[in-house]
Amino acid sequence: MEHVVIIGNGISGVTVARHIRKNSDKKITIISGETDYFFSRTALMYIYMGHMKFEHTQPYENSFWKKNKIELKKGFVETIDTDTKTLQFAEGDSLQYDTLVLATGSKPNKFGWPGQDLKGVQGLYSKQDLDTLEENAPNNKACNRAVIVGGGLIGIEMAEMLNSRSIPVTFLVRENSFWNGVLPEGESAMINRHIKNHHIDLRLSTNLKEIKSDENGRVKSIVIAETDEEIACNVVGLTAGVSPNIAFLKTSNIETGRGILVNRKLETNIPNVYAIGDCAEQREGGIGERRPIEAVWYTGRMMGEALAQTICGNPTEYKPAHWFNSAKFLDIEYQTYGWVFSKPRENEAHFHWKHEDDTKCITVCYNTVDNTFLGINTFGIRMRHEVFDRWLTEKRDIDFVMQHLAQANFDPEFYKHFEKEILLAYTNKLQTA
Amino acid sequence: MSLATPDALNITTKQKLALATGLVGLCILVLALFNINFPNRAVFLAISLGLITGGTILYSREAYLHKLEGIKNDGVWFKSISSRGVLGWALGVVLTVFYIVLYFYPQYLGLGVDGAANTGLIALFDPLSNLLSGNNASQWFVYGTLYTVAILAFGYKFMLKYRHNRYQQLRTASVMFFQTAFAFVIPELMARLNSDDFSLPYNDLKNMWPLNYYAFDQWRVDQFINAQTVGLFFLILGVVMIFVISPFLTYKYGKRWYCSWVCGCGGLAETAGDSFRQLSDKGVKAWKFERWMINSVLVFSVVTTVAVISTYLGYDSEKYWFTKNVFLISIGVFLTVLLAGILYFKRKELNKSAFRGAIGFYVLTIAFLIFFSFFDLSQIKINASYFSFGINQNTYNFDSALRTFYGFGIGSIFSGVIGTGFYPILGNRAWCRMGCPMATIMGIQQRLFSRFRITTNGGQCISCGNCSNSCEMGIDVRAYAQKGENIVRSSCVGCGVCSAVCPRGVLKLENDSMDGRINPTEVLLGNDVDLMDLLNKN
């Protein structure tokens, strides 16, 4: 019986395993050095905040795996010999495979800052990182202040986590506005204000110079590059993005760039070895407007869905449909459908509307030549994925979308609706333009 | 009453003062319980209830109004009271003891027996009871007052907690209104209409059979019939509620119209019990147990009610135009037609276990109906001591034995002692989930004949688990959401908290067309359209 071995028990690895099981009776083994069972990485923050316990972040009951004949092995793969199809574990044992799926995810970036390996300096990606944070910052007596370096999604989540335990947070962001490489100006500015409203010390256009140590090798302060200001702190969160977790492949024959290089069928250069999720890099460049490496929950899942077909004898390319994503910035939910770049590209324009309470806004991107609707960012208003997906497929024009926005609303019942206000702002803008 | 007490570590000075205020109010009640005689009962009762309410209000304002609007679940699993810690267990024990005393030993609360004046705690409530109904208080009046105060005070807290969410605010205002008006004030005022030749039974209009298991007991039906037009109106209204109004509203809005907008049990669970919603068991084993348990209670309640009615129809056939056998046959025919209709028209929606379960419970019920028609239940004597370890030594007729056992086992122990006393252990909806026969009936409707569902938003779920964690009914909401499948479950009471806590805007409670309401998918929205077509059509 063919033995499919999957390295990594995140959303990508688990999705491919589940779908292979639906379509075949191959032997399946999932390997993880991180945890015994699959958990939702995006939910780690809620454990620290006390909303849930670790077991609540596990999407399947522990009995699920045995019932579905998916074997789980805890261990770190040290080397892969693709000639003999053998995995060598750090623990000393080895495992044979027929088909190998690499779904090893990411690791936090470090940019060679002085002091970046001190005690109390950490990223936030794995279950181990969470345990470390619990040790480093159990409360505001053990941790008088934390400094977070890097203004992205993990950075703001970490700020929210520490804030929930009343630990003062200084948040260093290299850019002149939060996440403005992705978010258009108006949205980014609104989130800046929201962060400050939560009493988080947000420092824009600020870089880290160095992390200083006390006599025990623990962080005692950081120094800001621009001003040489020294900020005393007990914890430093390094959240300047993630990159593929592929160091263990160096000695193997598997070809890597920044990530593991794969073609559209998610095949590596070695037959019967595939890579999916955060660790995979599209060899021919990004698909459509997508990046070659997509470190997003949804794309990991979609790659898993597609690859399971290939492994079960129905060769299938990874062909994601319209881009979508979501996040939550403290209390403000964010969803995006289609493409809205931080600045309109050639022949593109943005329409931006913001509610006076400063917690809700939308940005709609459209083509200025033929008025096609290209995408929407929405903050504080929930929208229907299915409706925007359909409008994007139908290549609806911006007028149609603005007039039918109510159809896409997904807010809970009895919520106030803003479609009329938005349409009015949109019409006024057209008249003055 | 201070169910909100978290670890004293993390609360502000103002919150400590608020807690102290509430506890002083509670202390007055405890002192009254231990027979401290307060000089002016009306004043002390007002002070006590005022301090409890005021303390809760102050505490809530301090907890929520200084923070930005949003989800307020920080530390829920760290606090001893809300994570089955020492405080949680202690509160569970206190509540359980309170319910046992309330149901079985009201004399310890100070109930005057055989015409004697009330003493202790119950006497403290005499002035308020006199003001409303003109009568002295009973243990049920004390309980009803405290229950209403709890729903109002913690309802206010809940509304502050969800002040960004109008769905939560409106339904909380609704349960606060129905509890205060329909369950508390109106029935008490109606008692004022009673005179020597006119007497209405205590009637909470919204409390339908089978949740109200004594709705068709002989004494009650007789009282209604004897209470002229008004009584007859209430009796007919009760029947219309069960067979017309409730099915219609459940079809349009799901059972939430009752469970989380009107019901008193639900009202207490959603307000005072809100801090315990995460404690319900989400496991598959709990779900299996739930399915057997709740359907068995429904059968038990139907059988008991039928037994009681058929008995008094049988020995008093002059009084009622309906005879015992006509009644039994109509029930049998009704159930047979109902089941046959469901099995035929909904056969595609029923899996094997649902099918077998329905047939099994049906056969059991019909067997009882046949048994009732051949025997005169009033002639079968049951000695209760065999079933109560000798505690209850009375001998009952078969029908009243069933009725008594139902009242004791389901009405008192399950819905009261376990249902509310165990809030801090089993979560706040253990009764609604495992025991309530009314919820079972509306649940079957909701699963098969309702426009209500929780819509899943395409492919946006990140499997975080906030939804499942906060489901008081123990539904593993995430299991559906992460498959892109709508949630259509008989147990869902539509509280809407899963939708509120979802960080990615994935869940929405909706009433929409029946078509495509249940939509299992293989591949979620957002992936390759060809792949979706291929797999989802298979």
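None of the values given here were measured: they were computed from a predicted structure. Just so we're on the same page: letters track the sequence lines, and every chain starts at 1.
- Classified by interplanar angle (parallel below 30°, tilted 30° to 60°, perpendicular above 60°), the ring pair B:Tyr167/A:Phe414 is parallel.
- Interface residue A:Ile47: only backbone heavy atoms are found under 4.5 Å from chain B.
- With contacts defined as side-chain heavy-atom distances shorter than 4.5 Å, the pair B:Val76/A:His51 does not qualify.
- By the side chain to side chain contact (heavy atoms under 4.5 Å, CB included) test, B:Asn511 pairs with A:Glu413, B:Tyr253, B:Arg256, B:Arg451, B:Phe452, sequence neighbours left out.
- Both the backbone and the side chain of B:Val284 come within contact range of chain A, judged by heavy atoms closer than 4.5 Å.
- In this structure, chain B has a heavy atom under 4.5 Å from the side chain of A:Tyr46, while its backbone stays farther away.
- Interface summary for chain A: among B:Ser499, B:Gly70, B:Ser468, the most heavy-atom pairs under 4.5 angstrom belong to B:Ser499.
- With rounding to the nearest 0.5 Å, the separation of CG in B:Leu525 from CG in A:Asp389 is 4.5 Å.
- A:Tyr60 touches chain B through its side chain: at least one heavy atom from C-beta onward sits under 4.5 Å away, while N, CA, C and O do not.
- Considering CZ of B:Phe78 and CE of A:Met49, their distance stands at 9.5 Å, rounded to 0.5 Å.
- A distance of 6.0 Å separates NZ in B:Lys508 from CZ in A:Arg384, rounded to the nearest 0.5 Å.
- Contact tally against chain A (heavy-atom pairs below 4.5 Å) for B:Ser470, B:Ser463, B:Cys502: the top residue is B:Ser463.
- Inter-residue side-chain proximity for A:His198 and B:Leu68 is flagged as met; some heavy-atom pair is nearer than 4.5 Å.
- Here A:Glu61 does not pair with B:Lys282 in a salt bridge; the nearest charged N to carboxylate O distance is not below 4.0 Å.
- For A:Asp411, the part lying near chain B is the backbone, with the side chain staying farther off; criterion is any non-hydrogen pair under 4.5 Å.
- The candidate from B:Leu170, B:Ile71, B:Leu524, B:Asp530 with the greatest count of non-hydrogen atom pairs under 4.5 Å with chain A is B:Leu524.
- Side chain of B:Asn469 to main chain of A:His56: no donor-acceptor pair is present (N/O by atom type, distance under 3.5 Å, no hydrogens or angles).
- With a threshold of 4.5 angstrom between heavy atoms, A:Met45 does not approach chain B through any atom at all.
- The parts of B:Glu522 that come within reach of chain A are both its backbone and its side chain, each placing non-hydrogen atoms under 4.5 angstrom from that chain.
- By number of non-hydrogen pairs under 4.5 angstrom with chain B, the leading residue of A:Thr359, A:Asn325, A:Ile11 is A:Asn325.
- Interface remark: of the candidates A:Glu317, A:His19, A:Glu333, A:Glu333 forms the most heavy-atom pairs closer than 4.5 Å to chain B.
- Heavy atoms of other residues, nucleotides or ligands lying less than 6.0 angstrom from CD of A:Glu356 number 12 at most.
- Chosen from B:Asn466, B:Val529, B:Thr455, the residue pairing most often with chain A at heavy-atom distances under 4.5 Å is B:Asn466.
- How far CZ of A:Arg301 is from CG of B:Asn527: 8.0 Å, rounded to the nearest 0.5 Å.
- Interatomic distance, A:Phe54 CZ to B:Trp77 CH2, rounded to the nearest 0.5 Å: 15.0 Å.
- Here A:Glu305 is the residue among A:Lys328, A:Arg165, A:His322, A:Glu305 with the most heavy-atom pairs under 4.5 Å with chain B.
- Per-residue counts of heavy-atom pairs under 4.5 Å with chain B were compared for A:Trp323, A:Phe410, A:Tyr415; the largest is that of A:Phe410.
- Of all the heavy atoms in B:Arg504 and A:Ser326, the pair that sits closest is NH1-O, 2.5 Å.
- Going from atom OG of A:Ser164 over to atom NZ of B:Lys72 covers 11.5 Å, rounded to the nearest 0.5 Å.
- With chain B as the partner, the residue from A:Met303, A:Gln58, A:Met383 showing the most heavy-atom pairs under 4.5 Å is A:Gln58.
- Distance alone, capped at 3.5 Å, places no donor-acceptor pair between the B:Arg166 side chain and the A:Pro412 backbone.
- With a 4.5 angstrom heavy-atom cutoff, A:Gln309 touches chain B only via side-chain atoms.
- Ranking B:Ala479, B:Gly459, B:Gly75 against chain A, the residue ahead of the rest is B:Gly459, based on heavy-atom pairs under 4.5 Å.
- In this structure, the side chain of A:Trp297 engages the main chain of B:Cys461 through a donor-acceptor pair within 3.5 Å.
- In this structure, chain B has a heavy atom under 4.5 Å from the side chain of A:Tyr337, while its backbone stays farther away.
- Atom NZ of A:Lys265 has 12 or fewer neighbouring heavy atoms from other residues, nucleotides or ligands inside a 6.0 Å radius.
- Heavy atoms closer than 4.5 Å to chain B are found nowhere in A:Arg41, neither backbone nor side chain.
- B:Gln460 places no side-chain N or O within donor-acceptor distance of the main-chain N or O of A:His385, the cut-off being under 3.5 Å.
- In this structure, the side chain of A:Glu386 does not engage the main chain of B:Asn457 through any donor-acceptor pair within 3.5 Å.
- Judged by distance alone, the side chain of A:Ser40 and the main-chain N or O of B:Ile462 form a donor-acceptor pair under 3.5 Å.
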